[in-house]
Amino acid sequence: MVNLIVCGICGKMGRRIATLVLQSGKFKLVGATEGLPDCIGKDVGVVLGGAPINIKVSEKLSDCINEGDCVIDFTNCKSTLENVRCACENKKSIVVGTTGCDNDFVEQIKKLSVMCPIVMTPNMSLGVNILFEIVKETARYLGSDFDVEIIEMHHRAKKDAPSGTALKLGQKAAEGLGINFEQNAKFSRFGEALRAKNEIGIMALRGGDVVGEHTVIFAGDAERIEITHKASSRDVFAKGALKAALWVVDKLPGFYDMNDVLGIKSK
Ligand SMILES: NC(=O)C1=CN([C@@H]2O[C@H](COP(=O)(O)OP(=O)(O)OC[C@H]3O[C@@H](n4cnc5c(N)ncnc54)[C@H](OP(=O)(O)O)[C@@H]3O)[C@@H](O)[C@H]2O)C=CC1
Ligand SMILES: O=C(O)C1=N[C@H](C(=O)O)C[C@H](O)C1
């Protein structure tokens, strides 16, 4: 049984993770945190729409960290960094799903991972993690005669763009092509925009309640490959996060991703 703390319990992902945890025989929910003032101090069971379970929503991870073995964090960059620091200083493991953070954030998380095991990935679904590898391999086979374009669509409440997943898909395509992603990424187009060789285009659409959709297009002369992943429920991410928590809880300090959790060997 893994004693789990969920950060961002009143958010879209936090709610689904905590609900699945309460239905699972492998986890015990021992703590939760939230930034929303209306949610802090409430009973977690009530927050999730059920009966009280005698666990209160804390304002800070340091208020409940002693109870847990592992933390799952889907919040925002500032809060995630504080939570990773707190987990590592207390020798706990942590799974991070937060996206939209800059390179400096990633470097700081990597530095902290010398103290505790951290799984961090922009997408915890099995399908997308397979897609990452398919995209890398497809780019490698097709080479630079095929133009790579990435389109993502998410719900109207998503705060960051493009999605962390779209960025990682771009990185995977760049790896397959043997080029630098940052130097070749082209975010949206407007006005004069003749396509450069090796450009990797990334477009973000927002609207409605779309859970998460990503399409990678390889456009050649007279033929085109389009590979799409559509998530129709946040449970695919929540189940991936729980799989990561079960995996990471007894690991040595280090920085891990879903390939480690799922046993995917990137070629
Ligand atoms: N890796 C993956 O598989 C996935 C990643 N994500 C990413 O996860 C993140 C969260 O997504 P989602 O759940 O949809 O977003 P939400 O905005 O619905 O939830 C985030 C929650 O975290 C809360 N929060 C803010 N500050 C703190 C704090 N200091 N302590 C605790 N909680 C805090 C927010 O409160 P407030 O509203 O007050 O800020 C909010 O309730 C995003 O970056 C998203 O892109 C999402 C789905 C899958
Ligand atoms: O904010 C979301 O909802 C999602 N965010 C992740 C991302 O930015 O890649 C993953 C998923 O597509 C849902």
Side-chain angles (χ1 to χ4, degrees), residues 5-19 31-42 44 47-48 56-65 71-87 94-102 105 109 118-129 131-132 150-172 202 204-215 228-245 257-258 261-262:
I5 299 172
V6 176
C7 296
I9 187 87
C10 294
K12 289 178 280 300
M13 281 305 301
R15 282 175 187 278
R16 284 314 304 156
I17 292 164
T19 302
T33 72
E34 177 54 48
L36 276 175
D38 285 357
C39 182
I40 297 163
K42 290 201 171 140
V44 170
V47 161
L48 299 178
K56 294 273 183 274
V57 178
S58 305
E59 190 176 354
K60 295 191 302 292
L61 182 57
S62 53
D63 296 339
C64 55
I65 190 71
V71 178
I72 297 183
D73 181 298
F74 284 73
T75 59
N76 58 47
C77 305
K78 183 171 177 286
S79 157
T80 296
L81 190 53
E82 285 165 12
N83 291 337
V84 171
R85 188 166 290 119
C86 177
I94 181 162
V95 175
V96 173
T98 306
T99 60
C101 312
D102 59 18
F105 166 92
I109 300 279
I118 303 169
V119 174
M120 189 167 95
T121 173
N123 199 305
M124 310 249 173
S125 86
L126 175 61
V128 162
N129 283 280
L131 179 65
F132 288 144
I150 298 167
I151 305 167
E152 57 100 333
M153 181 156 187
H154 286 83
H155 51 96
R156 60 169 76 91
K158 184 162 173 61
K159 289 169 187 151
D160 55 316
S163 68
T165 307
L167 290 171
K168 185 156 177 176
L169 286 167
Q171 277 154 4
K172 288 288 179 180
I202 303 189
L205 313 182
R206 293 287 174 271
D209 61 356
V210 177
V211 171
E213 300 186 359
H214 294 88
T215 295
T228 296
H229 178 273
K230 295 185 182 184
S232 52
S233 162
R234 288 189 175 81
D235 284 10
V236 294
F237 313 128
K239 285 177 186 168
L242 292 177
K243 194 173 269 197
D257 70 8
M258 284 305 275
V261 174
L262 298 169

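Read the numbers this way: they start at 1 and go in the same order the structure lists the ligands and their atoms. Nothing fancy with the numbering, it's 1 onward along the sequence. Note that this is a predicted model, so its numbers are computed, not measured.
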Side chain, backbone, both or neither: [X] near ligand 2, heavy atoms under 4.0 Å:
X    : answer
K12  : neither
T99  : side chain
V128 : neither

K159 contact mode with ligand 1 (heavy-atom cut-off under 4.0 Å):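 K159 to ligand 1: side-chain contact only, backbone stays beyond 4.0 Å.
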Option of least heavy-atom distance to [atom] (set: [options]):
atom                    : options               : result
atom 6 (C) of ligand 2  : S163, P122, G11, G164 : P122
atom 10 (C) of ligand 1 : N129, T75, T98        : T75
atom 23 (C) of ligand 1 : K78, E34, K158        : E34

Nearest protein heavy atom to [atom], by residue and atom, and its distance?
atom                    : value
atom 1 (O) of ligand 2  : K158 NZ, 2.9 Å
atom 43 (O) of ligand 1 : T99 N, 3.0 Å
atom 38 (O) of ligand 1 : L36 CD2, 3.3 Å
atom 7 (C) of ligand 1  : G97 O, 3.5 Å

Using a 3.5 Å cut-off on N or O atoms only, is R234 in polar contact with ligand 2? no
Check contact between V211 and ligand 2, using heavy atoms of the residue and a distance below 4.0 angstrom.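 Yes, V211 has heavy atoms under 4.0 Å from ligand 2.
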Ligand 2 contacted by H214 (non-hydrogen, < 4.0 Å): yes
Check: G14 N/O within less than 3.5 Å of ligand 1 N/O: no
Table please: side-chain donor-acceptor pairs of residues 31-39 below 3.5 Å, with sequence neighbours left out.
unit_1: E34; atom_1: OE1; unit_2: I9; atom_2: N; d: 3.3
unit_1: E34; atom_1: OE1; unit_2: C10; atom_2: N; d: 2.9
unit_1: E34; atom_1: OE2; unit_2: L36; atom_2: N; d: 3.0

Return the set of residues passing salt bridge (charged side-chain N to carboxylate O under 4.0 Å, His left out) with K56 (not counting sequence neighbours), or none when no residue passes. none
With a 4.5 Å limit on heavy-atom distance, are the side chains of T121 and N129 in contact?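 Answer yes - side chains close enough.
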